Each structure stands twice: as C-alpha cells, then as structure tokens.
Amino acid sequence: MSYLRGFLPWIALAIVSTLGWQWGALAGLVLGATMLIRARKAGLAADALILECSTVAFFTALTIFAFARPDSGLKDYVGALALSWLAVTAWTTLAVGRPFTTGIARRQAPPEVWDTYAFRHINVVITRAWSIAFTLSAAAMVVVVSAGLGVVAALAAQFAGFVLPALFTAWYPGWARSRLAPAAHRA
C-alpha cells in the first residue's frame, strides 16, 4: 500500500485542520513538498509525480490564502475543496490519457509490463475509481458542512474518499490480471 504515501498531505490536512485550517494547510504543504523533493532526489521523473506536483500547487495556494484570511468562510469547506482539487486532478489525468496512478504503479511494476494493455487498462480503471470517490466525497463534504453534521461526519466522509478507493486499488489489479490474461491468450 505504498501508493497511499502520496495522500499523506491530504490526510494530514483533514486531521490537523481540526486545530485550525491554516495549520492543516501548512502541514499538507510541508509534507507534500518534502515528498516531492525526496522523490525527485531519488530520480523519479516529473511525469511520475503528477499527484505530488498537484499536491504542492494546491497546498501552496491554500496555505497562502489560509494565513492571509484565517477568518474566511472557505475554512468550513476546506475538506470539500481539497477533495474537489483531487477529483479535478484525477479526472484531468484521465482526460489527457495519463492516469495519475500510472506513475505510482510504475514504481512497483517491472518495466516490461508498462506498455501492455493490461497495465494501461488497470490504471485507467483505478484512476477512474479514485476520481469517482473524490467527486462523491467532495459532494458529501458540502452536504456535511451545509447541514452542520459536525467533525465526525466530515472525517467519515473524507476517510471514505480515501479508504474505499484504496481497498479497490489493492484488490483490482490481481482480479483484472486474472481476467485479462486468458483474453490475451485467445487473441
């Protein structure tokens, strides 16, 4: 589950924001920037770091705004905003044909499978699952905040937006490979 590391800044935002949204934004920025710098020093190409680059861009803007306007009403919707940003990032990578999960999967898969139909298909499906989860969780967060359902409901909505697609990501590749392999032999 090493792919979850990329979401640590977002999880930190959800947790640390209970102490103040500007501190959650700053924690996300520090974690995101540290992870991006380490990944680049480790030799990972920029195209394999789509999520990390998007994370740093979001948290830079959010941190600046949150410290400049700590009393902004946007603070109540920071969870929905963060999930919306992730949804836009994920959907955009699908639209341009470069699912964000591909770079993460390449860190774990041998290079000889990177150009296979199965590898590409699995990453499209997994990225689509994350895109849907982020979109639905963002909408749920708007409902939670608008209805005043509280911190527990907000954390539950955010948690579901990460845990459900993470479980799917852990399960789906093995299942898909077992279904796609027989089809490849028939072709």
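All residue numbers in this chain count up from 1 along the given sequence. The model shown is predicted, which means the values in this text are computed figures rather than measured ones.
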Inset, instruction - Apply the test side chain to side chain contact (heavy atoms under 4.5 Å, CB included) to residues N123 and W114: give CA-CA distance (whole Å), side-chain angles for both, the deciding distance (0.1 Å), then the verdict. - result: CA-CA 10 Å; N123 280 286; W114 294 357; over 6 Å; no
Inset, instruction - Look at the rings of F134 and W130 and say which category their plane angle falls in: under 30° parallel, 30 to 60° tilted, over 60° perpendicular. - result: tilted
Legend entry - Verify same cluster id: W23, F59 (apolar side-chain graph, 4.5 Å): no
Legend entry - Residues, nucleotides or ligands: over 12 heavy atoms within 6.0 Å of W91 CH2: yes
Legend entry - Sub-4.5 Å side-chain heavy-atom contact between T101 and T169: no
Legend entry - Heavy-atom check, side chain of S84 versus side chain of V142, under 4.5 Å: no
Legend entry - Parallel, tilted or perpendicular: ring planes of W171 versus F168, cut at 30 and 60 degrees: tilted
Inset, instruction - Measure the shortest side-chain to side-chain distance between L36 and T55 over non-hydrogen atoms and say whether it is less than 4.5 angstrom. - result: no
Legend entry - S72 and W21: side chain donor to acceptor below 3.5 Å: no
Legend entry - Enclosure of F159 CZ (heavy-atom neighbours >12, cutoff 6.0 Å): no
Legend entry - Cluster overlap I50 with L8, hydrophobic side-chain contacts below 4.5 Å: no
Legend entry - Atom of G161, atom of S137 and distance for their closest heavy-atom approach: CA-OG, 2.9 Å
Legend entry - Heavy-atom side-chain contact between L81 and W85 under 4.5 Å: no
Inset, instruction - Take F100 and L86 through the side chain to side chain contact (heavy atoms under 4.5 Å, CB included) test and state the conclusion after the steps. - result: CA-CA 11 Å; F100 82 89; L86 285 167; over 6 Å; no
Legend entry - Within-4.5 Å side-chain heavy-atom neighbours: F65 and V78: no
Inset, instruction - Determine whether L62 and L13 make a side-chain contact, defined as any pair of heavy atoms from C-beta on separated by less than 4.5 Å. - result: yes
Inset, instruction - Please indicate whether R38 has more than 12 foreign heavy atoms, meaning atoms of other residues, nucleotides or ligands, lying under 6.0 Å from its CZ. - result: no
